[in-house]
Amino acid sequence: MGYTRDLIVARSERPLLDTPLFDAVRDDRDSAVALRPRPGGWQTAEFHAEVLDDPDEVLREVVHWTGAPACVASVSDSDVAWVIGLAPGAERWEVWLNLKTAAALLTHVPDDVDDTSEYCVTAEFEAAVALTRAELEADVPDAARAVLAWARSAGFGEGVTAEAVEEVLRSKETFAEELFAVLLDRLGFPAPVDPERSGRDALPMAGR
């Protein structure tokens, strides 16, 4: 089985899991856990599948509670990630990571299809997926600009071009959660660190 989780990245002086929204799962490590923080108060909380009923509503609540930009990445079986972001007073944005897989996931299967597994290997389905992917690809330039504007509202993204963000949005990784980390890195977010290390010997660590 791949990695299926919701990841929330936000900045707060208080632990992110102290958000009143997470009262029911705060002490349940099978449902939610705080991952390694990033310098500057940036935190990542990991939620197991189906804990967050409505990622959009959660995103709005987190931005309201922290007063800072935040994003949510919903990763499905490591194959694809749907990422949404919001900043105070700004427009919400969304992107899909691993576009080819996302296109197959989003392509409608006709209601009269009896065997989905057989239909998904037909030329008809492949053509439909190609159209869906073309639509996703067409959205990438605007999405990249929106993502970059969000990062700049968070104090990052200086010297980063929309084209550089586009490159990440069009790229593919075996593990979609790693592509999400690549996106944050490309936007200039500081690398996660081990909270038990401090001072000059604090070394960058992997996201989990």
Side-chain angles (χ1 to χ4, degrees), residues 3-29 31-76 80-97 102 139-158 160 162 164-166 168-169 176-193 195 207-208:
Y3 178 85
T4 299
R5 301 286 191 276
D6 289 309
L7 300 168
I8 299 178
V9 177
R11 181 176 62 199
S12 176
E13 295 180 356
R14 294 170 288 180
L16 187 56
L17 289 177
D18 282 353
T19 307
L21 184 66
F22 305 138
D23 283 348
V25 298
R26 181 178 303 119
D27 298 322
D28 182 1
R29 291 185 61 85
S31 297
V33 65
L35 303 184
R36 295 171 186 172
R38 298 169 185 264
W42 289 94
Q43 304 173 47
T44 301
E46 178 191 75
F47 297 84
H48 285 225
E50 300 179 0
V51 172
L52 304 185
D53 293 331
D54 184 348
D56 262 310
E57 178 62 24
V58 169
L59 177 62
R60 288 191 292 270
E61 290 286 343
V62 168
V63 170
H64 176 74
W65 187 74
T66 63
C71 67
V72 179
S74 296
V75 183
S76 178
V80 65
W82 177 59
V83 188
I84 55 177
L86 185 67
E91 294 282 335
R92 167 195 176 279
W93 55 264
E94 67 175 296
V95 297
W96 287 90
L97 302 179
D139 290 338
V140 166
D142 286 343
R145 287 190 287 270
V147 172
L148 184 54
W150 170 83
R152 287 175 175 165
S153 74
F156 305 113
E158 183 178 357
V160 179
V165 179
E166 279 191 48
V168 177
L169 299 184
E177 62 271 23
E178 293 184 359
L179 190 52
F180 176 56
V182 170
L183 178 60
L184 294 177
D185 291 344
R186 182 65 58 89
L187 292 169
F189 280 76
V193 297
R208 293 202 307 279

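Note that the coordinates shown come from a computational prediction; the quantities given were computed from them, not determined experimentally. Numbering of residues begins at 1 and proceeds along the displayed sequence.
The side chain to side chain contact (heavy atoms under 4.5 Å, CB included) check on Asp54 picks up Asp56, Glu57, with sequence neighbours excluded. Every residue was checked against the side chain to side chain donor-acceptor pair (under 3.5 Å) condition with Asp139, not counting sequence neighbours, and none meets it. A search for side chain to side chain donor-acceptor pair (under 3.5 Å) contacts involving Gln43 returns nothing, not counting sequence neighbours. Qualifying ring pair (Phe, Tyr, Trp, His ring centres under 6.0 Å) partners for Trp42, counting only residues two or more places apart in sequence or in other chains: Phe156, Phe189. Residues meeting the side chain to side chain contact (heavy atoms under 4.5 Å, CB included) test with Ser76, sequence neighbours left out: Val80.
Looking at Leu52, Val51, Val75, Val58 one by one, the single match for side chain to side chain contact (heavy atoms under 4.5 Å, CB included) with Asp6 turns out to be Leu52.
Between Trp93 and Asp142 there is no side-chain heavy-atom pair separated by less than 4.5 Å. Looking only at side-chain heavy atoms (C-beta outward), Phe180 and Val9 come within less than 4.5 Å of each other. Trp65 is listed as a side-chain neighbour of Asp18, based on a closest heavy-atom distance under 4.5 Å. Side-chain contact between Val165 and Leu183 is present, with heavy atoms from C-beta onward closer than 4.5 Å.
Minimum interatomic distance between Glu166 and Ala144 (heavy atoms only, all atoms of both residues): CG-CB, 3.5 Å. Scanning both residues, Leu17 and Ala34, for their nearest heavy atoms gives CD1-N, 3.9 Å. Smallest separation of non-hydrogen atoms from Ala70 and Leu59: O-CD1, 3.4 Å. Between Leu16 and Thr19 the shortest heavy-atom distance is O-OG1, 2.6 Å. Between Leu97 and Ala176, the shortest heavy-atom distance links the atoms CD1-O, 4.4 Å. Here the shortest heavy-atom pairing between Ala162 and Leu148 reads N-CD2, 3.7 Å.
Taking CG from Leu187 and CD from Glu158, the interatomic distance works out to 13.5 Å, rounded to the nearest 0.5 Å. Here the straight-line distance linking atom CZ of Arg11 with atom OG1 of Thr66 works out to 8.0 Å at 0.5 Å rounding. Residue Leu21 holds its CG atom at 7.5 Å from CD1 of Ile8, rounded to the nearest 0.5 Å.
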(request) Run the numbers on Phe47 and Val72 for side chain to side chain contact (heavy atoms under 4.5 Å, CB included), then give the verdict. (result) CA-CA 10 Å; Phe47 297 84; Val72 179; over 6 Å; no
If you look only at distance, which donor and acceptor atoms sit under 3.5 Å apart when one is on a side chain in residues 81-91 and the other is two or more places apart or in another chain?
| from | atom 1 | to | atom 2 | distance (Å) |
| --- | --- | --- | --- | --- |
| Trp82 | NE1 | Glu94 | OE1 | 2.7 |

